[in-house]
Number of protein chains: 2
Amino acid sequence: MDKREQLVRAAFDLFYREGIHAVGINRVLAESGVAKKTLYHHFPAKDALIEATIEYRDRRFSDWLRHRMASVPAGREALLALFDALDDWFHGRATDIQAFHGCYFINVSAEFGDPAHPIHARCARHKASIRSLLAEHVNHCAESAEQASYLLDTLCLLKEGAIVRAHVEGDRRAAQQARQVVAGLLVD
Amino acid sequence: MDKREQLVRAAFDLFYREGIHAVGINRVLAESGVAKKTLYHHFPAKDALIEATIEYRDRRFSDWLRHRMASVPAGREALLALFDALDDWFHGRATDIQAFHGCYFINVSAEFGDPAHPIHARCARHKASIRSLLAEHVNHCAESAEQASYLLDTLCLLKEGAIVRAHVEGDRRAAQQARQVVAGLLVD
DNA sequence: ATCTGGGTAGACAAATTTGTCTACTTTAGG
DNA sequence: CCTAAAGTAGACAAATTTGTCTACCCAGAT
């Protein structure tokens with residue numbers, strides 16, 4: 001078992017559930033069963049560990065979503081599958097990724113509010129990467145570049161909206177609501 | 001000048017910009033120019049101060065939005081005015097409320113992730129209150145209870161999505177994008 | 001006039017934070 | 001086999017956290 005990986009997983013679990021500034025290094029150490037020296041051998045400072053958790057989550061979440069969207073025909077169906085995936089996530093039926101506590105990248109961006117901060121910028125990059133995953137599928141079913149752009153923007157708005165509503169307000173129907181809107185936009 | 005109010009304002013400014021756990025009591029004291037004893041005279045603990053900042057922001061933000069939506073005819077126009085207001089906010093043209101650093105309630109919910117925590121619950125209540133403000137206007141232009149419910153859900157999704165995209169990704173066009181979608185839904 | 005409540009400045013306690021360092025052990029490869 | 005890297009436990013430093021407390025000031029109501 002790789003100690004670095006152990007650290008990153010434990011740190012992610014704690015940071016995701018309780019927030020980054022609320023969780024001290026010692027909690028991560030205790031949870032992962034790794035020595036402090038080892039942590040500082042792998043990471044120069046807490047910030048580097050935080051970035052590693054973002055990298056970890058980015059990989060995990062993207063793989064999960066890519067997989068879900070690839071299991072149906074590309075285009076319209078894949079875009080609807082996105083919201084089915086979110087629905088499973090909100091209802092605790094997504095075993096590949098952790099139990100739902102909101103979007104890690106939104107949560108981290110809230111704690112590192114300055115857009116110029118590397119950690120915030122890294123979260124923005126994740127969002128851009130998911131956006132480009134959706135873009136591929138939008139291009140499958142849009143009739144013009146203009147419509148594609150409009151569709152992509154709308155999908156991203158609804159996706160973020162669903163995640164936030166599910167977390168802040170605890171309304172787990174949010175994914176289904178968003179799916180319904182998307183279905184209406186994709187009838188053409 | 002009311003010391004309690006001074007404290008709440010300074011605390012809100014700092015918490016909103018830098019996050020709650022990242023800002024210590026002493027920072028709030030220094031910024032507000034109030035003595036520590038006075039803080040603990042008005043608030044039993046930091047949590048109570050946090051709740052007071054939420055109360056403060058809830059009042060401020062709701063008043064601002066209500067005012068913006070009341071300056072045009074109720075119904076369709078008011079709902080579009082919501083997104084114009086967001087657009088102004090994102091572009092730093094909303095002087096009544098602070099410069100844009102995301103939604104305070106989403107940010108706080110990220111730091112207090114447990115939905116059962118009173119602070120998280122208070123944020124959810126704010127969202128519910130804004131939702132019911134929108135509901136009044138939706139009822140003005142919906143043709144059925146079913147359509148009204150669908151419209152309201154969609155508006156809320158787009159609103160949260162726009163705020164998150166503007167903050168995390170720094171895409172300040174998000175409000176205009178959302179407005180366009182809403183305009184499409186409200187043509188009837 | 002005096003007493004009460006809100007205020008100030010800041011020392012202090014106790015816990016916790018990040019990060020360093022020592023001294024020792026384990027493990028894997030040349 | 002032996003060296004070098006990675007690991008352990010945990011003491012320690014220095015700063016920072018929340019919250020309490022002392023000692024004093026001042027203004028307004030009784």
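Residue numbers begin at 1 in each chain, while the letters A, B, ... track the order of the sequences.
- Applying the side chain to side chain contact (heavy atoms under 4.5 Å, CB included) test to B/Ala81 and every residue at least two apart in sequence or in another chain returns B/Val72.
- Within 6.0 Å of the CD atom in A/Gln176, the count of heavy atoms belonging to other residues, nucleotides or ligands exceeds 12.
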For a quick test of your reading: what N or O donor-acceptor pairs under 3.5 Å do the side chains of residues 42-54 of chain A make, sequence neighbours left out?
from, atom 1, to, atom 2, distance (Å)
A/Lys46, NZ, A/Ile20, O, 3.1
A/Lys46, NZ, A/Val23, O, 3.0
A/Thr53, OG1, A/Ile50, O, 2.5
A/Thr53, OG1, A/Tyr104, OH, 2.7

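- Aromatic ring orientation, B/Phe12 versus B/Tyr16: parallel (interplanar angle below 30°, classes split at 30° and 60°).
- Taking the nucleotide of DNA chain C with the nearest heavy atom to each of B/Arg4 and A/Ile20, the more 5' of the two is matched to B/Arg4.
- A salt bridge (charged side-chain N to carboxylate O under 4.0 Å, His left out) check over residues 83-109 of chain B, counting only residues at least two apart or in different chains, returns the pairs B/Arg68-B/Asp88, B/Asp84-B/Arg179, B/Asp87-B/Arg93, B/Asp88-B/Arg93.
- Taken over five-pair windows at either terminus, the axes of the helix from C/dA1-D/dT30 to C/dG30-D/dC1 are inclined to one another by 10° (rounded to 10 degrees).
- Side-chain atoms of B/Ser109 come within 3.5 Å of backbone N or O of B/Phe105 as a donor-acceptor pair.
- Listed by chain and residue number, B/Trp89, B/Phe90 satisfy the ring-ring contact (aromatic ring centres under 6.0 Å, His included) test with B/Phe100 (two or more places apart in sequence, or in another chain).
- DNA chain D lies under 4.0 Å from no heavy atom of any residue of residues 11-19 of chain B.
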### Message
Show, in sequence, the C-alpha distance, side-chain angles and deciding distance for A/Arg9 and A/Glu5, and conclude whether the salt bridge (charged side-chain N to carboxylate O under 4.0 Å, His left out) test is met.
### Response
CA-CA 6 Å; A/Arg9 285 178 196 222; A/Glu5 189 75 3; 3.4 Å; yes
Side-chain donor-acceptor pairs under 3.5 Å in residues 165-175 of chain A, sequence neighbours left out?
from, atom 1, to, atom 2, distance (Å)
A/Arg165, NH1, A/Glu169, OE1, 2.8
A/Arg165, NH1, A/Glu169, OE2, 2.8
A/Arg165, NH2, A/Asp171, OD2, 3.1
A/His167, NE2, A/His101, O, 3.4
A/Asp171, OD1, A/Arg173, N, 3.0
A/Asp171, OD1, A/Arg173, NE, 3.0
A/Asp171, OD2, A/Arg173, NH2, 2.9

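- Taking a heavy-atom distance under 4.0 Å as the criterion, the stretch of DNA chain C touched by chain B extends 5' to 3' from C/dG6 to C/dG10.
- For A/Asn26, the side-chain hydrogen bond (donor to acceptor under 3.5 Å, both in side chains) partners at least two apart in sequence or on another chain are A/Lys36.
- For A/Ser132, there are no side chain to side chain contact (heavy atoms under 4.5 Å, CB included) partners at least two apart in sequence or on another chain.
- Listed in residue order, the members of residues 30-45 of chain B having a heavy atom less than 4.0 Å from DNA chain C are B/Gly33, B/Val34, B/Ala35, B/Lys36, B/Lys37, B/Thr38, B/His41, B/His42.
- Residues meeting the salt bridge (charged side-chain N to carboxylate O under 4.0 Å, His left out) test with B/Arg57, sequence neighbours left out: none.
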